[in-house]
Amino acid sequence: MQFPQPIKELASLGDPMNSPPFGREIGFTLFGFNDLEVCTGLAWDESLVGNNQNQSVHGGVITTLMDQTFGAAVFRKLNTGKAVATVELRIDYMRPATPKLDIFCRAHCYRMTRRIAFVRGEVFQDDPEKPIAHGAGSFMINANDTVPMTFQNKIDPSTLGGA
Amino acid sequence: MEDLLGQLNEWLKTIPYTQKLGVVVHGLNEDGVSCHMPFQDKFIGNSQLPALHGGSTASFLETAAIVAANRQSIETGSSQIALPVSMTTSYLRSATAHDLFAQARVVKQGRRLVQVYCEAFQLAPNKPVATLQASLMLSDQGE
């Protein structure tokens, strides 16, 4: 499987197999990323079919690919190694996926605030100009170390230091 | 009613991806369906917590929405099939390494579009882990 577009300024990928169990289950592959976007894909497989009439993949496969890729785009831009959690993901399915063609995703984290990151991206097959789905999502950053309100109240202001 | 439940489960068994997920329809009510996805290790997205992958929760919710939207066609033997157009998934809490349940409700059944609202929960039905809002288009099979 090869990403259908050249990926500019391909950064070192580290361990590309470092994907979670469900990513491995659907065959998630990380191809690379640059400052602008993260490029991923998955190989077409019969077990991913969600519609027997046209043999196209299940919408859930596309959602999974997007969720994983969008999260990676935030993770990459954040570059702190901290966890990222999906808040909301909206997807438009523009055309059915063509059977037996691999599926790719491009995602761009276009805005990052202190707590929330915003991502958009597309899923396509052989032609990046003809996406099969478009998505937009919001993500909570540093999701794992959010201090609950009750503890925040007890923080000694003198320990916070000046800006 | 019993018969329809069997029919819906038979239909799900013919779809490779829903079979891979192991989704079953376990209840019917007037305007929707309830579904169950028994936990499997492969659903994990974060091994440290551990938490289910957002994609496995969304795949389950989407399946529940598709079942709810296609229920009428299957019940009446119509050739129409509901295919997803747009979906929004909201993640409310981290889903733990347990079974998932969903309640999908047809909010509006139109001639061309079906709108479905779906909630997924685990141990406590009053604490949903994710919700899904979906619009599906009705089209004739083979179109």
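Residue numbers begin at 1 in each chain, while the letters A, B, ... track the order of the sequences. Worth knowing before you read on, the calculation uses all heavy atoms, side chains too, and leaves out hydrogens, waters and symmetry mates.
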Once you measure the plane-to-plane angle for A:His58 and B:Tyr17, does it fall in the parallel (<30°), tilted (30-60°) or perpendicular (>60°) bin? tilted
Could you tell me which portion of [X] (side chain, backbone, both or neither) has an atom closer than 4.5 angstrom to a non-hydrogen atom of chain A?
| X | answer |
| --- | --- |
| B:Lys20 | side chain |
| B:Leu52 | neither |
| B:Leu83 | side chain |
| B:Thr131 | neither |

Where does [X] contact chain B at under 4.5 Å (heavy atoms): side chain, backbone, both or neither?
| X | result |
| --- | --- |
| A:Ile26 | side chain |
| A:Val57 | neither |
| A:Asn52 | side chain |
| A:Glu46 | backbone |
| A:Val87 | backbone |

Please determine, among A:Pro96, A:Gly60, A:Gly135, the option with the most heavy-atom pairs under 4.5 Å with chain B. A:Gly60
Quick check for you: among A:Val49, A:Asp92, A:Asp67, which has the greatest number of heavy-atom pairs under 4.5 Å with chain B? A:Val49
Go through A:Gln68 and A:Thr40 one step at a time and tell me if the side chain to side chain donor-acceptor pair (under 3.5 Å) criterion holds. CA-CA 9 Å; A:Gln68 183 76 26; A:Thr40 64; over 6 Å; no
Can we say B:Arg105 and B:Glu119 salt-bridge, meaning some charged N sits less than 4.0 Å from an Asp/Glu carboxylate O? no
For B:Val129, does its backbone N or O pair with a side-chain atom of B:Tyr91 as donor and acceptor, under 3.5 Å?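 Not at all, since once roles are kept as given, no pair shorter than 3.5 Å links the two residues.
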Using only atom types and a distance under 3.5 Å, with no angle test, would you say the side chain of A:Gln125 pairs donor to acceptor with the backbone of A:Leu101? yes
Are more than 12 heavy atoms from other residues, nucleotides or ligands located less than 6.0 Å from atom CD of B:Gln40?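 Buried by this count: over 12 neighbours within 6.0 Å.
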Do B:Phe101 and B:His36 have their ring centres less than 6.0 Å from each other? yes
